[in-house]
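Have a look at the structure below before the remarks.
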Amino acid sequence: QLQLVESGGGLVQPGGSLRLSCAASGFNWGSYIIGWFRQAPGKEREGVSCISRNGGTTNYADSVKGRFTISRDNARSTVFLQMNNLKPEDTAVYYCAARRTAVPVCPSNAMDYWGKGTLVTVSS
C-alpha cells in the first residue's frame with residue numbers, strides 16, 4: 001500500500017521552469033516504478049515519463065524529451081519531475097503513479113496507486 005502526494009505546480013510563463021515532487025508513504029517503496037502523467041483540459045490522460053525502481057532507467061514522451069527530467073530519491077521516498085522551457089501546451093494536471101514491477105514501463109491503465117494531481121498552468 002502506497003499513498004502519493006504531488007506538489008510544486010503553479011502558474012509559470014512560457015520558457016520558465018518548475019519542479020514537481022511526488023512524496024510517498026507506505027511499505028516497499030523501492031519495489032515500485034513511478035510514472036508521471038498529465039491531463040490537459042478537454043484531453044485524454046497521457047504518459048509523460050517513467051523511472052525504474054533504482055532510478056537507472058528513464059523514458060519520456062516525445063513531446064517533453066530534452067525539456068523534462070525525472071529522478072528519484074529512494075532514501076526520501078520521493079520522485080521529481082524537473083520541467084524546463086515550459087510551453088503553453090504543457091498546461092495540465094500532473095499526476096504521479098506507482099506500479100509494483102521490475103519492468104520500467106508505465107502504462108496509464110496499469111498503474112496501482114495514484115496521487116490526486118497538481119495543476120501546472122503555462123501562460124503569459
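If you read the sequence from its start, that first residue is 1, and numbering goes on from there. Keep in mind that the numbers below use all heavy atoms, side chains included, and drop hydrogens, waters and symmetry copies.
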Inset, instruction - Indicate yes or no: at least one non-hydrogen side-chain atom of Ser123 is less than 4.5 angstrom from one of Leu11. - result: yes

Legend entry - Contact summary for Arg45 and Asn109, nearest pair of heavy atoms: NH2-N, 4.4 Å

Inset, instruction - Ignoring hydrogens and angles, tell me if any N or O in the side chain of Arg67 forms a donor-acceptor pair with the backbone of Asn85 under 3.5 Å. - result: yes

Legend entry - Smallest separation among heavy atoms of Val105 and Arg99, with atom names: O-NH1, 3.4 Å

Inset, instruction - For the pair Ser49 (side chain) and Asn59 (backbone), establish whether a donor and an acceptor sit closer than 3.5 Å, ignoring hydrogens and angles. - result: yes

Inset, instruction - Can you see which heavy atom on Leu20 is nearest to which on Thr118, and at what distance? - result: CD2-CG2, 4.1 Å

Legend entry - Glu46 and Arg38 ion-paired at < 4.0 Å: yes

Inset, instruction - Measure the shortest side-chain to side-chain distance between Ser25 and Ser77 over non-hydrogen atoms and say whether it is less than 4.5 angstrom. - result: no

Inset, instruction - Search all heavy atoms of Lys43 against all heavy atoms of Gln39 and return the closest pair with its distance. - result: O-NE2, 3.1 Å

Legend entry - Cluster overlap Ile34 with Leu18, hydrophobic side-chain contacts below 4.5 Å: yes

Legend entry - Cluster link Met111 to Tyr60, ILVMFWY, side chain under 4.5 Å: no

Inset, instruction - Quick one: closest heavy-atom pair of Thr57 and Pro104, and the distance? - result: CG2-CG, 3.9 Å

Inset, instruction - Would you check if the side chain of Arg72 reaches a backbone N or O of Ser52 as a donor-acceptor pair within less than 3.5 Å? - result: yes

Legend entry - Spacing of Phe68 atom CZ and Ser17 atom OG [to the nearest 0.5 Å]: 9.5 Å

Inset, instruction - For the pair Tyr113 and Tyr32, name the ring-plane relationship: parallel under 30°, tilted 30 to 60°, perpendicular over 60°. - result: perpendicular

Inset, instruction - Would you confirm whether Thr78, through its side chain, and Arg76, through its main-chain N or O, come within 3.5 Å as a donor-acceptor pair? - result: yes

Legend entry - Qualifying salt bridge (charged side-chain N to carboxylate O under 4.0 Å, His left out) pairs, either residue in residues 49-64, two or more places apart: Asp62-Lys65

Inset, instruction - Apply side chain to side chain contact (heavy atoms under 4.5 Å, CB included) to the pair Leu4 and Tyr95, showing each step before the final yes or no. - result: CA-CA 9 Å; Leu4 305 174; Tyr95 302 89; over 6 Å; no

Inset, instruction - Report yes if the side chains of Val103 and Ile33 come closer than 4.5 Å at any heavy-atom pair, otherwise no. - result: no

Legend entry - Candidate list Val120, Val12, Asp90, Thr69, test side chain to side chain contact (heavy atoms under 4.5 Å, CB included), partner Met83, passing option: Val120

Inset, instruction - Scan residues 36-55 for pairs that pass ring-ring contact (aromatic ring centres under 6.0 Å, His included), counting only residues two or more places apart or in two chains. - result: Phe37-Trp114

Legend entry - Ser124 backbone acceptor or donor facing Gln13 side chain under 3.5 Å: no

Legend entry - Any donor-acceptor pair under 3.5 Å from Glu6 side chain to Lys116 backbone: yes

Legend entry - Heavy-atom pair of closest approach, residues Asp73 and Trp29: O-NE1, 4.3 Å

Inset, instruction - Applying side chain to side chain contact (heavy atoms under 4.5 Å, CB included) between Leu81 and each of Val64, Val48, Ile51, report the one that passes. - result: Val48

